[in-house]
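Just follow the structure's listing: the first ligand is 1, and inside any ligand the first atom is 1. Side-chain atoms are counted along with the backbone in the values below, which use heavy atoms only and exclude waters and symmetry mates.
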Amino acid sequence: MTRSQILNQPRILTEVESKELLKQWGIPVVETKLAGTKKEAVSISKEIGFPVVLKIISPDVVHKSDSGGVRLGLANATQVSNAYSEIMSSMRQKYPQAAIQGVSVQPLARAGIEVIVGVSQDPQFGPVIMFGLGGVLVEVLKDVSFRIVPVTRRDAQEMIKEIKGYPVLEGYRVHEPANISALEELIVKVSRFIEQNPQIKELDLNPIFAYKDKAVAVDARIILEEG
Ligand code: ADP
Ligand code: MG
């Protein structure tokens, strides 16, 4: 699919479509491919190299792991094949009506500091970018910062520094530090992407894995404006 074909459809883009679009805009995402069958999932896994991750791909399933739709760390063809069957059978149970395109296949990214970048629409200010640490810090503590699009490099730097969890990014205790300038760059690229594609209503990069040399999104979701 071309960029304009993807953007002309008013809907929630799947993880595969969202990542494809983000990649075209230079936003770093884990290499991700769609497999329509079990056989294809195995052959793509071999191409990518083990260990891999499989995730359900359906426009009707938004929270993939809540429904048994994510399998991490599959080490060989047998594990991929079994995981494919298990994902499909839990989908049949939980979402019998869901239109399923298949699974996404991607490398298992090594652990990093989990951060999130999101975009939502403010009725007064238009698109707003959010940054925060992933997991419990965002869900429970709501430790996030916001800026209105367009976001400059300086804005991005400030929004990263102003979260309470910033010491975690500096490598508090056991963690390797996050590359702050890679995160700034990612936020600025997201801002540019949103500015130039006003039909994007919402965007979620959750999580992004931050490392000492780079940052890469392992999950992505884009919602387009109706019509
Ligand atoms: P959901 O739709 O439930 O948000 P995600 O794609 O975010 O599904 O996957 C759930 C979790 O699995 C992520 O929060 C992350 O911790 C882990 N994960 C997802 N993709 C990868 C990957 N490619 N490598 C390593 N861990 C991953
Ligand atoms: Mg996610």
Participant: Val190 and Phe209: same hydrophobic cluster, using ILVMFWY side-chain contacts below 4.5 Å?
Facilitator: no
Participant: Counting only N and O atoms by type, is there a donor-acceptor contact under 3.5 Å from the side chain of Ser191 to the main-chain atoms of Ile187?
Facilitator: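 Judged by distance alone, no pair lies under 3.5 Å.
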Participant: Collect the protein residues that have a non-hydrogen atom under 4.0 Å from ligand 1 and hand them over in chain and number order.
Facilitator: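 Within 4.0 Å of ligand 1, protein side: Val53, Lys55, Val62, His63, Lys64, Ser65, Val70, Leu72, Gln106, Pro107, Leu108, Ala109, Glu114, Asn206, Pro207, Phe209, Val218, Asp219.
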Participant: Under a single-linkage rule joining Ile, Leu, Val, Met, Phe, Trp and Tyr whose side-chain heavy atoms are separated by less than 4.5 Å, which residues share a cluster with Leu108?
Facilitator: Val53, Val70, Leu72
Participant: Which protein N, O or S atoms lie under 2.8 Å from the Mg ion (ligand 2), given by chain and residue number?
Facilitator: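 Listed by chain and number, the nearby protein N, O or S atoms are Asn206 O, Asp219 OD2.
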Participant: Has Thr14 got a side-chain atom pairing as donor or acceptor with Ser58's backbone, closer than 3.5 angstrom?
Facilitator: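 Pair absent, no side-chain N/O of Thr14 close to backbone of Ser58.
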Participant: Quick one, Glu185 with Lys189, criterion salt bridge (Lys or Arg N to Asp or Glu O under 4.0 Å). Give me CA distance, side-chain angles, the key distance, then yes/no.
Facilitator: CA-CA 6 Å; Glu185 202 175 303; Lys189 280 181 176 168; 3.6 Å; yes
Participant: Any chance the side chains of Thr152 and Asp155 put a donor and an acceptor closer than 3.5 Å?
Facilitator: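 Per modelled atom types, Thr152 and Asp155 side chains form a pair under 3.5 Å.
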Participant: Please identify which of these residues, Ile116, Leu186, Val216, meets the side-chain contact (heavy atoms from CB on, under 4.5 Å) condition with Ile208.
Facilitator: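 The option that passes is Leu186.
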Participant: Begin from the C-alpha positions of Asp219 and Lys64 and carry the test salt bridge (Lys or Arg N to Asp or Glu O under 4.0 Å) through to its verdict.
Facilitator: CA-CA 10 Å; Asp219 187 25; Lys64 301 175 290 297; 2.8 Å; yes
Participant: Enumerate the salt bridge (charged side-chain N to carboxylate O under 4.0 Å, His left out) contacts for residues 100-111, please, sequence neighbours excluded, ordered by first and then second residue.
Facilitator: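 Checked against salt bridge (charged side-chain N to carboxylate O under 4.0 Å, His left out) - neighbours excluded - the pairs reaching residues 100-111 are Arg110-Glu176, Arg110-Asp213.
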